[in-house]
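Residues take their numbers from the sequence shown, with the count starting at 1. Everything numeric in this text was worked out from a predicted model, so none of it was measured.
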Amino acid sequence: DTYILNGRSYLYSVSTPLAYHCMNTDVMERWTYPYVPDTDLRLVYEYSRRNIYIGTGVTLERGSRLEENVVIGKLCHIHAGAYITRSVLGSNVVVGENVQIEDSYIWGNVTIQEGCTITGCVIANDVTIKAKCIIGSNCLISRGITIGPDVSLPIGTRLIKQLEAMQGM
């Protein structure tokens, strides 16, 4: 559910990955103005057409492509041939050559090596996805996980470290 309070406040109830995606899309498309990435005084983003926000110290290699509704956190490196659309990348993310990322949320300190496809996922901090992996829709990958190379995760996969799973019991 989305609520606009007094014409100045924005409230969204996030209870599912789809709701998380819809709320983030509202922010990237500036429906929540002035609550958008380029007005956050703690972080510095450059805003450009098609709702693309690029943080400080980002390297976009020639041939990389940001389509629409994309937030790239500070100090990220996007290699040649990478394609990113409708996604958020946190700080210190490395995206390898010919990686495709769509409808995904990738937190900080993540490395995605060449030739991977990431669609409709949430990937937590400190994750490494090795070359030529396919991460299917609605996958949730917890912090500190390493995947691959050449692994295909089916739709809806949830990966957490065993220690975290045991502590939750």
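With Ile141 as reference, Ile123 is the one residue of Ile106, Ile123, Ile118 to meet the side chain to side chain contact (heavy atoms under 4.5 Å, CB included) rule.
Residue pairs meeting the side chain to side chain donor-acceptor pair (under 3.5 Å) criterion with at least one partner in residues 99-108, sequence neighbours excluded, are His21-Tyr105, Arg86-Asp103, Gln100-Glu102. Pairs of residues two or more places apart, or lying in two chains, that qualify as side chain to side chain donor-acceptor pair (under 3.5 Å) and include a residue from residues 48-58 are Arg30-Tyr53, Tyr47-Asn51, Asn51-Asn69.
Ile134 CD1 to Cys116 SG: the interatomic distance, rounded to the nearest 0.5 Å, is 9.0 Å. Distance check, rounded to the nearest 0.5 Å: CD of Glu68 to OG1 of Thr85 gives 4.5 Å. With rounding to the nearest 0.5 angstrom, the CG atom of Asn109 is 5.0 Å from the CG atom of Asn92.
Annotation: side chain to side chain contact (heavy atoms under 4.5 Å, CB included) contacts of Lys130 (sequence neighbours excluded): Gln113, Thr128, Thr146, Pro149. Qualifying side chain to side chain contact (heavy atoms under 4.5 Å, CB included) partners for Leu140, counting only residues two or more places apart in sequence or in other chains: Val122, Arg158. Looking at residues two or more places apart in sequence or on another chain, you find no side-chain hydrogen bond (donor to acceptor under 3.5 Å, both in side chains) involving Glu46. The side chain to side chain contact (heavy atoms under 4.5 Å, CB included) test applied to Leu60 returns Ile54, Val58, Ser64, Leu66, Ile78, not counting sequence neighbours.
Looking only at side-chain heavy atoms (C-beta outward), Glu114 and Asn98 stay at 4.5 Å or farther from each other. A heavy-atom distance below 4.5 Å is not found between the side chains of Thr111 and Val93.
For the residue pair Ile129 and Cys133, the shortest heavy atom distance occurs at CG2-CB, 3.7 Å. Nearest heavy-atom pair across Glu61 and Ala80 is OE1-N, 3.1 Å. When all heavy atoms of Ala124 and Ser142 are compared, the closest pair comes out as CB-C, 3.7 Å.
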| request: Verify side-chain contact (heavy atoms from CB on, under 4.5 Å) between His79 and Val95, making sure each step is shown before the conclusion. | output: CA-CA 6 Å; His79 286 270; Val95 176; 5.8 Å; no

| field | Step-by-step side-chain contact (heavy atoms from CB on, under 4.5 Å) determination, Thr119 to Ile135 | value | CA-CA 6 Å; Thr119 306; Ile135 311 298; over 6 Å; no

| request: Show your working on side-chain contact (heavy atoms from CB on, under 4.5 Å) between Val110 and Asn125 and close with a plain yes or no. | output: CA-CA 6 Å; Val110 172; Asn125 294 328; 5.8 Å; no

